[in-house]
Amino acid sequence: LAPSSIPNAGWGVYTTKNLDKNVVLESNLMLIPVDDHYKTMPYRGNQRFANWLGYVWPRDSDDAFYHSSQDAFPTIVQHAYHANEGLNYATSYTYTNDDGEKESTMRPGLFSLLNSHDKAKNVELNDEEEFVTKSEIKAGTELLLNYGSKWHKVLKKNWKAAQNNPHHYKDLDYYNAVFNWTDLPTTEEKYNSINTTTLHKRTGERGIETRDDYEAPPKKLLPNTKPKRRSPLWIQQNGHCLNRLNGNIATTAVTQGDIIITTPSLALARNDLNIYEAYEKTNSSQAQKKKWALSETVLGTEPLLEFTYGDPRSDLLLFPYGPHVHKILPPSSSSSSGTTTTTTTPNVQLRFHREDAATQRLLQLHPMDVLNSTQKLLLDFVALTDIQEGDELVLDYYNGKTQNNNESSERRVPSDLYPSHWLNTKLEYIVKDVKKPLKPNELQQLVWEHNQEPVTTHAYRLGLPKGLSEKMLEYTKDLGIVDLYQKLLNDNV
């Protein structure tokens with residue numbers, strides 16, 4: 001796992017050795033259904049397309065999640081709402097269940113880690129639903145899928161729009177990471193003022209400060225520039241090994257205190273995983289019926305909850321999506337398996353990656369800002385004891401209760417893992433001091449309570465003199481405006 005060779009694609013997965021054709025890279029793939037398709041409805045408090053939803057493989061392209069940019073508060077302009085919807089336009093890996101119904105799914109492992117390229121795909125699924133190499137692959141090459149022609153078409157369309165209209169896109173986290181805008185470029189510069197050290201930051205996760213002989217700076221500002229090979233040494237120096245476990249079995253010896261695997265994780269709000277009651281409502285613009293989840297009735301929780309990690313004192317959950325990490329078992333589930341050495345005591349613990357600048361920065365933020373950040377927290381699965389090749393990996397987690405004393409089935413993290421400001425904190429958008437009395441002519445900018453950031457650029461409250469409403473009514477009466485308005489109403493009856 002290392003910064004992708006594709007401009008602006010975030011993390012990528014590489015091989016540091018030559019691979020033959022049809023080599024199995026991952027088997028026993030995990031699919032977790034996502035049942036509720038109304039998670040982006042504005043009344044839920046979402047300000048935009050939730051970042052973690054960008055990792056859900058949709059049941060149908062552009063029809064996985066119902067959402068509206070017009071009803072959200074604050075109002076979201078159309079180009080911002082559709083700036084980066086992750087896999088919402090992917091068409092290559094639709095899942096159909098045993099009943100013949102299409103389902104949206106979360107798929108940890110290579111499905112969530114591999115980037116897409118429309119001309120350089122080198123990994124595919126075989127008939128046994130295993131990830132295999134499509135051809136011979138040289139050491140230093142990034143492993144790539146193809147999410148589908150529609151996904152690439154939408155991506156390029158958004159990029160072109162951003163290049164042509166930087167004033168619309170400059171405040172969007174995603175495009176700032178791509179173009180590194182500080183001062184907007186002039187027309188003569190053709191918007192080509194890109195800092196090459198940050199060109200590979202799709203979401204600001206990690207910059208590339210040095211280059212090697214495998215790569216030259218990209219010449220085009222288009223997504224999916226042809227990927228270049230990295231040197232195996234560069235990958236080892238800038239990346240994280242992913243092949244020290246297979247399932248819940250160690251594939252190599254690991255010394256106490258060393259990292260078994262480092263994985264990116266998605267941040268979710270606990271309420272994101274509620275399944276809400278939905279009912280049909282006529283959509284007059286399309287003259288058809290669609291289901292809209294306008295009810296607050298909770299019918300259940302997503303299966304995904306069982307695979308998230310969290311602290312019962314916090315409503316922020318983490319979903320690590322590296323290969324095999326969800327197959328590491330708690331002590332009560334350990335059992336003998338062939339020649340596998342069985343351990344009944346934990347030999348793995350969780351911690352945040354200490355050397356990743358983005359992770360350390362996120363740990364300082366309010367959990368609401370962690371949810372909204374497109375950066376990823378890196379989680380380490382660390383050896384508590386010396387582990388031998390073939391040993392079972394055992395992690396001490398158990399189900400607890402939420403801070404509201406509701407039953408919960410997420411995997412509990414160590415009590416000292418979350419920073420204290422993540423605990424006992426509501427994950428809600430609340431405008432600060434909105435009922436504070438204002439003196440006449442006092443101007444108050446509306447800001448969010450959790451981070452003091454402005455709600456919008458032009459949202460303010462103004463203190464008015466006492467009795468102003470009555471004085472304005474008398475004034476409009478004196479001018480005849482009230483009488484004119486009543487006459488217009490009566491004439492239209």
Side-chain angles (χ1 to χ4, degrees), residues 1-6 9-32 55-57 87 90 92-95 105-148 151 214 224 226-236 238-252 254 259-266 307 319-328 337 376 378-379 381 389-390 393:
L1 180 75
S4 176
S5 61
I6 300 175
W11 293 105
V13 177
Y14 296 82
T15 174
T16 55
K17 62 182 182 180
N18 295 329
L19 296 175
D20 294 329
K21 182 179 180 180
N22 290 325
V23 171
V24 177
L25 302 172
E26 187 179 14
S27 57
N28 300 317
L29 304 180
M30 180 179 290
L31 304 179
I32 307 171
Y55 283 76
V56 176
W57 290 86
L87 296 171
S92 297
Y93 300 99
T94 302
Y95 172 68
T105 54
M106 183 72 83
R107 309 182 188 187
L110 293 184
F111 253 126
S112 290
L113 289 175
L114 297 188
N115 289 313
S116 177
H117 198 285
D118 54 356
K119 295 181 177 63
K121 175 183 175 181
N122 53 21
V123 174
E124 62 186 359
L125 283 177
N126 63 14
D127 293 338
E128 284 75 37
E129 292 292 305
E130 299 171 320
F131 271 124
V132 297
T133 54
K134 184 181 177 183
S135 58
E136 292 183 356
I137 302 177
K138 293 183 179 180
T141 303
E142 183 173 356
L143 306 180
L144 297 165
L145 297 175
N146 185 346
Y147 298 164
W151 186 89
Y214 278 77
N224 289 7
K226 185 177 179 181
K228 304 293 183 181
R229 289 170 57 204
R230 304 281 198 189
S231 68
L233 178 60
W234 183 94
I235 296 171
Q236 292 172 355
N238 293 274
H240 309 279
C241 182
L242 297 176
N243 67 349
R244 295 194 181 106
L245 71 165
N246 185 7
N248 68 324
I249 305 300
T251 57
T252 185
V254 183
I259 296 172
I260 302 168
I261 188 172
T262 296
T263 169
S265 58
L266 299 173
F307 301 95
F319 177 76
Y321 54 93
H324 306 296
V325 295
H326 294 289
K327 298 174 184 177
I328 299 176
S337 177
K376 305 294 185 299
L378 291 186
L379 275 174
F381 288 73
E389 180 180 351
L393 300 177

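Each residue takes its place number in the sequence, starting with 1. Note that the coordinates shown come from a computational prediction; the quantities given were computed from them, not determined experimentally.
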Expected output: side-chain N122 to main-chain E142 donor-acceptor under 3.5 Å = yes
Less than 4.5 Å apart, any side-chain heavy atom of L114 and any of V123?
-> yes
For the atom pair NE2 (H117) and CG (L144), what is the distance rounded to the nearest 0.5 Å?
-> 7.0 Å
Under 3.5 Å, sequence neighbours excluded: what are the donor-acceptor pairs made by side chains of residues 18-32?
{"from": "N18", "atom 1": "OD1", "to": "A139", "atom 2": "N", "distance (Å)": "2.8"}
{"from": "E26", "atom 1": "OE1", "to": "L110", "atom 2": "N", "distance (Å)": "2.9"}

Pairing residues for E124 by the side-chain contact (heavy atoms from CB on, under 4.5 Å) criterion, not counting sequence neighbours | K121, V132, K134
Taking C-beta and beyond as the side chain, do F307 and P108 meet within less than 4.5 Å on heavy atoms?
-> no
Looking at the rings of F381 and H324, which for Trp means the six-membered one, are their centres under 6.0 Å apart?
-> no
side-chain contact (heavy atoms from CB on, under 4.5 Å) involving E129 - partner list, sequence neighbours excluded | L125
With a 4.5 Å limit on heavy-atom distance, are the side chains of Y93 and R107 in contact?
-> yes
Please report the C-alpha distance between F111 and F131 in whole Å, then the side-chain angles of each, then the deciding distance to 0.1 Å, and finally whether the ring-ring contact (aromatic ring centres under 6.0 Å, His included) criterion is met.
-> CA-CA 9 Å; F111 253 126; F131 271 124; 4.8 Å; yes
Step through it carefully: locate the ring centre of W57, locate the ring centre of Y147, and say whether they are under 6.0 Å apart.
-> yes
State whether a side-chain donor-acceptor pair under 3.5 Å links S4 with N115.
-> yes
